[in-house]
Amino acid sequence: MSDSVDERIKFLSAEIARHSELYYNHSAPEISDSEFDVLWDELKKLDPDNEVLHRVGPEPLPGTEKVEHMFPMLSLDKGTTDDDIIHFVTQSTSGGKRYLAQPKLDGSALSLEYISGNLHRAATRGSGERGEDVTLNAKLVANIPTRLNYPYTIHVRGEVVMPLKIFEEKYSDVSPNPRNLCSGALRQKHGDGKADASDLIFCAYDVKFPSDPPIANYDSELLDWLKKAGIEPAPWKIFESETPEDEMIEYTKEWSLKRPSYEYEIDGIVFKVDELDNREKLGFTAHHPRWALAWKFPSQEAHSVLLDVDWQTGRTGSVTPVARIAPQMVGGVTVENVTLHNVGEVERLGIKIGDKVKITRRGDVIPKIIENLGPASSKDLQDRYHADGTKFSGTLSHRDIIIPQICPACQRSLTMEGAFLRCLSLDCDARTARSLTYWCRSLEIDGIGEKLIETLLDNELITSISDMYRLTHNQLSELDRMGDKSANNVISELNKTRTLNLAKFLHALGLERIGPEVATSISQHFTSLEKLLHWVDEGENSELTEIDGIGEKVALIFRDGIIKRRTLIDELREIITVTDEGEKSGGLLEGLSFCITGSLSRPRKEIAEEIKNVGGKVVSSVSGNLDYLVAGESAGSKLEKAENLGVKILSEKDLLNLVKKSDTDEISSSKTGTLDDWI
Ligand code: IVH
């Protein structure tokens, strides 16, 4: 082997090891999956037996609790073309021709160990042989049951993912993609990460049996069986025609179309032999099973040139760099604007105007720059066309990106907060425009979009949300392209939102980190806007953190956001009616607080929801004011504290009886007797 090839192998294996470490142990990849695949494929060609190619991932971080996997968690063989599918079918069709396909979910792999039906331990994939114990956080994942419907002893494998809706609502400004948040949320010490494990979903794809497997011929039978046991598998489809490869190829095309609107991020389709006998015959390599293929979507990456950077102020005041690039097709769409995320990203990439850049576009997510390839040449600008087919005629210039000191919209000084540049002024025009759009969007006010809001602001007809409700038919109908009918429509749409409940009101205010779920929890806690404002005026912080799912940081952001919007809120109260949260509920548990602890048979979120449905309040800590502690198995310090404080303790069964009873008319209409009489 020549020296230079040797050098290259050393370089590639070190890079693969380094990037695996960043990806698996630090949840902070520096390169995209396809860039990683390029390194991998090159090393595979040069040195197929290289040791790093046969490691699944790095060892878990020192200092974390390790778990030896009873069944190793292997990787999958990869393919990207139709031929790869044909080849896979040809080499795996020994005993039968039945295949199973599932979306390849792009999250974090997790193994759940159930003993006699109880969740005993949860572990990450780690090196494939040894992972990291993440039991506590896994229990927070909404659909991971702590107890199965049957007393099985099994190891369930699957992927933990974050619904894209939640990612967009809560986390898109803290992380470039949901996948990094998934492994981070599983592995964090309680509450110190960017995302909450309760925002994740587990999708199972495999089950292993330490002893006595049930009699089954097909993997798909086991997936059905898992469903009955209480675990939701990822969706699957079976192919069993004479030429399954044709339908399998067709299936990848269907998913390519469906991918942008799918609820989770996926990066391909996993095809697996469904017959368990046939799987056994095919066996494994050191790295992957021969009975499965991960077909990955073609790369959504391409090269372009950075032409300029504009800075835009968003609803929460963050000033983000938007890069203008030479037109480039990515994933079937011509892209000319891409995000650079924040100032920290500009610095990390060390990027300058006139640099050649690698861009990526995933599903519906805004395209972004992922790599700086150094100074571009004029050749890089050739043969480029805008989306309308006209020829691009821009020229190349090389210069630094100037980070603004003042807000591009209101010219006030900006402040750096971590990697973000922020405009702290609430009456900034750009922030106002985006807050107005957010208000209209979250209250589903049809007929008022970004364009109309801009026109109204430009014509000085409005300066705030409350002004919108003062608009007259005359003012509206005089605007360009706004007839009598549209003006009537806008007024009637606005009128529909003159009465709204506290949760909707809080969400529509557009405070940072306050999505619909958090807004609902907060409104159930305070029950009325008056009480909420009283709490703000009193200057207390701690009370909000009693709410399940709200930490110190969100509590602070929320209080601060309300204080800053106090004038707006007071103005709005004059014009619209914010109804109390308690008014509608009237459930049997109204006015009573519950804290939930210990191992329960169902996800905590589900139990909390049931309590809330009948008017109860769910808090996260035990205090003298708490009415009931719902204690599951192996409840620890909370149970002890509740006993010391004389707080009443309910078992899960007690609670169930209570909630069920409060559901029946007979009981809820005769509200006599104390709560304890229902148990
Ligand atoms: S089957 C022997 N099915 O992809 C391994 N894996 O690149 C059996 N993944 O480690 C895995 N979705 O974390 C399988 N529907 C699916 C999957 C899936 C995502 C992940 C999994 C695996 C990785 C391999």
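Everything quoted here is computed from the prediction, not taken from an experiment.
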When rounded to the nearest 0.5 angstrom, what is the spacing between OG1 in Thr520 and NZ in Lys504?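 Here the interatomic distance stands at 10.0 Å.
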Please round to the nearest 0.5 Å and tell me the distance separating atom CD of Glu512 and atom CZ of Arg422.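 Going from CD on Glu512 over to CZ on Arg422, the span is 4.5 Å.
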Would you call [X]-[Y] a salt bridge at under 4.0 Å N-O?
X: Glu530; Y: Arg573; value: yes
X: Lys451; Y: Glu454; value: no
X: Arg441; Y: Glu450; value: yes
X: Asp427; Y: Arg412; value: yes

Side-chain contact, heavy-atom cut-off 4.5 Å: [X] with [Y]?
X: Leu479; Y: Asn459; value: yes
X: Ile453; Y: Cys440; value: yes
X: Thr499; Y: Val578; value: no

Establish, for the pair Arg384 and Phe392, whether the NZ or CZ atom is under 6.0 angstrom from the six-membered ring centre and no further than 45 degrees off its axis.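 No, Arg384 and Phe392 do not form such a contact.
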Would you say Arg498 has more than 12 foreign heavy atoms packed within less than 6.0 Å of its CZ?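 Yes, the 6.0 Å shell around CZ holds more than 12 heavy atoms from other groups.
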Indicate the ring-plane relationship of Trp535 and Phe526, choosing parallel, tilted or perpendicular according to the 30° and 60° boundaries.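 Geometry flag for Phe526 against Trp535: tilted rings.
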Sole residue of Ile445, Leu476, Asp446 in side-chain contact (heavy atoms from CB on, under 4.5 Å) with Val490: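 Going through Ile445, Leu476, Asp446 one by one, the side-chain contact (heavy atoms from CB on, under 4.5 Å) with Val490 is satisfied by Leu476 alone.
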Using modelled atom types and a 3.5 Å cut-off, is there a donor and acceptor pairing between side-chain atoms of Arg324 and backbone atoms of Asn337?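 No, because the side chain of Arg324 does not come within donor-acceptor range (under 3.5 Å) of the backbone of Asn337.
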Quick check on the 6.0 Å ring-centre criterion: do Trp255 and Phe297 meet it?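 Between Trp255 and Phe297, the centre distance exceeds or equals 6.0 Å.
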